[in-house]
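Report on one structure; see the data block that follows.
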Amino acid sequence: MKMKQYLDRLSEIYRAIDRAYSEALRHYSFSCDGCPDNCCVTKFHHYTLAEEFYLAEGFRKLNEAELRAIASRAENAAKMHNSSPEDMLAMCPLNENGLCVLYEFRPMICRIHGVPYELFRNFKMEYGDGCYRFIMEKENAPKDFRINRTPFYLEIAQIEREIREKLNFTGRYKKTTAEMVLSIINGERKTD
Ligand code: SF4
């Protein structure tokens, strides 16, 4: 399926998220550098096919050896997740020596996790106070800058609706990054 128009729109949203995130880091004089509580070991779920298609684009630039290494790490991470409590720590298969090998293609939660946010959904406002390190370091700082996640979620939901309609996909989507990676490697997310 031709995906370009959807992926271009998603790219714009990611850019806006990255700008908001940088602004939040500046506002709080906060940095993720050298963080021992790496968010790449946090078990996140992703909820859109759209983001899986976007991540799949990044796989085009990987060679065979890199793909094999990522596939092996993804299988191990998926096994750990499936055999352990919800908070089991398993490094994301895309993290290599502390760096994301597909950084420019990483999903939304990787971009936005860590700083205070607000989100309007289910008729009420939700608030998040940031990652563990942020909460510890900025315990006494006024939380006077919150990334508003609402427009980002709404725009991604709209793209997701359009993709699902086009694909006639009505199923539920909830995957860890390891599961996303395995679907992509198994050839389920061709973008053209
Ligand atoms: S996709 Fe990249 S940034 Fe996100 S958890 Fe994995 S390695 Fe970390």
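Order of appearance sets the numbers: ligands from 1, and atoms from 1 within every ligand.
With no hydrogens or angles considered, a side-chain donor-acceptor pair links Y14 and E51 at under 3.5 Å. Between the side chains of E160 and Y173, no donor-acceptor pair of N or O atoms lies under 3.5 Å.
Listed by atom number, the atoms of ligand 1 under 4.0 Å from N95 heavy atoms are 7 (S). Distances below 4.0 Å separate heavy atoms of L94 from the following atoms of ligand 1: 1 (S), 7 (S).
Looking only at protein heavy atoms, the nearest one to atom 6 (Fe) of ligand 1 is C92 SG, 2.3 Å. Nearest non-hydrogen protein atom to atom 8 (Fe) of ligand 1 is C40 SG, 2.3 Å. Protein heavy atom at the shortest distance from atom 4 (Fe) of ligand 1 is C110 SG, 2.3 Å.
At least one test fails for R149 against the ring of F152: distance under 6.0 Å to the centre or angle within 45° of the axis.
Atom 8 (Fe) of ligand 1 lies at 2.8 Å or more from every N, O or S atom belonging to C100.
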Please assess Y6 against F53 for the test ring pair (Phe, Tyr, Trp, His ring centres under 6.0 Å), listing each intermediate value before the final yes or no. CA-CA 9 Å; Y6 305 111; F53 275 112; 8.7 Å; no
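Between E66 and K61 no salt bridge is recorded (no basic side-chain N to carboxylate O distance below 4.0 Å).
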